[in-house]
Amino acid sequence: MRAIITGAGHFVPEQRLTNADLEQMVDTDDEWIMSRTGIRERRILEKNKGLSYMAAKAAQMILDESGLSADEIDVIIVATSTPDMMIPSAAALVQEKLNAANCWGFDLNAGCTGFIYALATGSQFIEAGKYRKVMVIGGDKMSSILNYGDRNTCVIFGDGAGAVLLEPSEDETLGIRDFILRMDGSGHSYLNVPAGGSLFPASYETVEKKMHCIFQDGKTVFKNAVTGMAEVSAKLLERNNLRGKDIKLLIPHQANIRIIDSVAKKLGLEPEQIMVNIQNYGNTTAGTIPLAMSEAYHKKMMFRGDRILVSAFGAGFTWGSLLLVWAMD
Ligand code: COA
């Protein structure tokens with residue numbers, strides 16, 4: 001039994017934050033942001049809405065396109081670092097919004113690698129034969145944890161979400177084929193949101209010191225991202241007897257165009273084999289891969305039988321790559 005993707009959806013908010021807008025907020029400019037990151041603009045969700053709003057919209061797109069009833073969903077997995085609140089899970093809030101009456105679910109936090117972890121996890125529920133419809137969602141409202149006075153981080157991130165539906169198939173040639181997932185917690189100090197958890201609960205001091213905002217040592221993250229993503233991707237291809245030319249599309253985490261280009265070069269991929277939409281949305285953390293996957297599908301960039309490679313690196317450190325064969329026309 002294979003887990004195949006039978007639906008893909010996404011949602012981004014209407015409001016755009018351009019490089020020109022950011023020039024008014026911090027000491028930066030369009031030329032620096034474009035040349036160092038590849039980002040032109042990002043989307044920002046309204047203040048009174050949380051991550052579950054975008055996650056539910058992305059999942060609803062799949063239901064609308066397939067005609068599937070929300071009652072048929074067995075499991076909802078939400079990969080995110082920015083749930084609406086500490087308790088309950090974003091998955092519970094998505095369940096309510098979709099009115100999915102017969103499911104259970106949970107959140108999964110692996111930073112920017114969250115969607116790949118969630119896709120791998122969801123595929124195991126299908127392959128075990130226990131569940132038939134698993135909604136895997138990835139998304140983040142990064143604007144809720146950004147310090148718009150810190151030019152090192154506020155130019156990089158944006159808000160957005162994407163989703164896929166996993167179902168079983170008897171066709172062994174399709175679906176999730178293989179994955180390599182890794183974690184190295186010694187990287188925790190280079191990319192984190194220090195406060196708001198049990199170590200530093202909210203206090204006057206944590207708010208004043210902006211400890212509820214994301215901190216990043218960009219250079220260290222950059223280096224580790226290139227090495228980590230390239231290494232697991234190469235290993236995954238090798239153990240499946242594949243070369244770069246056998247891949248129709250690499251759908252990489254959209255963190256920085258220079259990271260994407262370096263990884264693609266190491267794998268020997270041509271530009272037309274790489275899905276890039278970072279210019280429009282920036283880094284939406286757990287949202288980038290399902291958002292790019294849904295766009296690639298709806299733009300008819302991949303068809304049934306095409307080999308797709310996804311790869312990401314994020315907070316933890318976490319990283320991983322997953323190989324799948326696209327099952328939709
Ligand atoms: N505008 C203008 N200058 C900026 C800037 C901005 N928005 N942000 C940083 N700079 C400055 C720095 O202060 C530094 O100046 P200094 O040399 O006077 O100190 C200079 O630009 C170079 O900074 P540096 O950090 O070396 O730039 P970089 O080439 O490494 O690019 C990032 C910075 C953040 C774009 C890059 O490191 C990156 O993308 N890292 C990984 C991000 C990531 O993927 N994170 C998500 C998890 S996967």
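Everything quoted here is computed from the prediction, not taken from an experiment. Start at 1 and go down the list; that is how both ligands and their atoms are numbered.
Distance check on atom 28 (P) of ligand 1: some protein heavy atom falls below the 4.0 Å cut-off. For atom 43 (C) of ligand 1, a protein heavy-atom neighbour is found at a distance under 4.0 Å. Counting only heavy atoms, the protein never gets under 4.0 Å from atom 18 (O) of ligand 1. Under the 4.0 angstrom criterion, atom 14 (C) of ligand 1 counts as lacking any protein heavy-atom contact.
The closest approach between any non-hydrogen atom of C112 and ligand 1 is below 4.0 Å. Contact analysis leaves I33 out of contact with ligand 1, as no non-hydrogen atom separation drops below 4.0 angstrom.
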Practice task
List the steps and the verdict of salt bridge (charged side-chain N to carboxylate O under 4.0 Å, His left out) for R239 and D178.
Solution key: CA-CA 9 Å; R239 80 180 186 192; D178 196 5; 2.8 Å; yes
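For ligand 1, none of its N or O atoms has an N or O atom of H253 under 3.5 Å away. In terms of polar-atom proximity, defined here as any N/O pair under 3.5 Å, R151 does make such a contact with ligand 1. Between G314 and ligand 1, not a single N/O pair is under 3.5 Å apart.
Residue contact check: Q216 has heavy atoms under 4.0 Å from atoms 42 (C), 43 (C), 45 (N), 46 (C), 47 (C) of ligand 1. Those atoms of ligand 1 that come under 4.0 Å of a heavy atom in I259, given as number and element, are 44 (O). Each of the following atoms of ligand 1 lies closer than 4.0 Å to a heavy atom of L191: 47 (C). Counting the atoms of ligand 1 from 1 in the order shown, those under 4.0 Å from a heavy atom of T37 are 35 (C). Close approach of ligand 1 to V155 (heavy-atom distance below 4.0 Å) involves ligand atoms 7 (N).
A donor-acceptor contact shorter than 3.5 Å is absent between the side chain of T18 and the backbone of E41. Distance alone, capped at 3.5 Å, is enough to place a donor-acceptor pair between the H188 side chain and the G185 backbone. Although no hydrogens or angles enter the test, the distance criterion places a donor-acceptor pair under 3.5 Å between the side chain of D107 and the main chain of A90.
Among protein heavy atoms, atom 48 (S) of ligand 1 sits closest to F313 O, 3.1 Å. Regarding atom 34 (C) of ligand 1, its nearest protein heavy-atom neighbour is I156 CD1, 3.5 Å. Looking only at protein heavy atoms, the nearest one to atom 1 (N) of ligand 1 is T28 OG1, 2.6 Å. With respect to atom 31 (O) of ligand 1, the closest heavy atom belonging to the protein is R258 NH2, 3.5 Å. Counting protein heavy atoms only, atom 8 (N) of ligand 1 is closest to W32 CH2, 3.4 Å. At the shortest separation from atom 40 (N) of ligand 1 among protein heavy atoms lies G218 O, 3.0 Å. In terms of protein heavy atoms, atom 24 (P) of ligand 1 is closest to K219 NZ, 3.8 Å. Closest to atom 9 (C) of ligand 1, if we only count protein heavy atoms, is N152 OD1, 3.3 Å.
Here the CG atom belonging to N283 is positioned 4.5 Å from the OG1 atom belonging to T285, to the nearest 0.5 angstrom. Atom-to-atom distance recorded for L108:CG and T80:OG1 is 10.5 Å, nearest 0.5 angstrom. Between atom CZ of residue F222 and atom CZ of residue R36 there is a gap of 7.5 Å, rounded to the nearest 0.5 Å.
Residues passing the side chain to side chain donor-acceptor pair (under 3.5 Å) test with E167 are T6, K133, sequence neighbours excluded.
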Review item, side-chain donor-acceptor pairs of residues 170-177, under 3.5 Å, at least two apart:
residue	atom	partner	partner atom	Å
D171	OD1	T173	N	2.9
D171	OD1	T173	OG1	2.6
E172	OE1	R2	NE	3.3
E172	OE2	M1	N	3.1
R177	NH1	E172	O	2.2

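A salt bridge is absent between R132 and D74; no separation between the charged side-chain nitrogens and carboxylate oxygens falls under 4.0 Å. Between K49 and E46 there is a salt bridge, since a side-chain N of the basic residue sits under 4.0 Å from a carboxylate O of the acidic one.
When ring centroids are compared, F11 and Y53 come within the 6.0 Å threshold. Annotation: F179 is not in aromatic contact with W319 [ring centroid separation under 6.0 Å not met].
Considering only non-hydrogen atoms, atom 35 (C) of ligand 1 lies nearest to N256 out of N256, T153, N224, N283.
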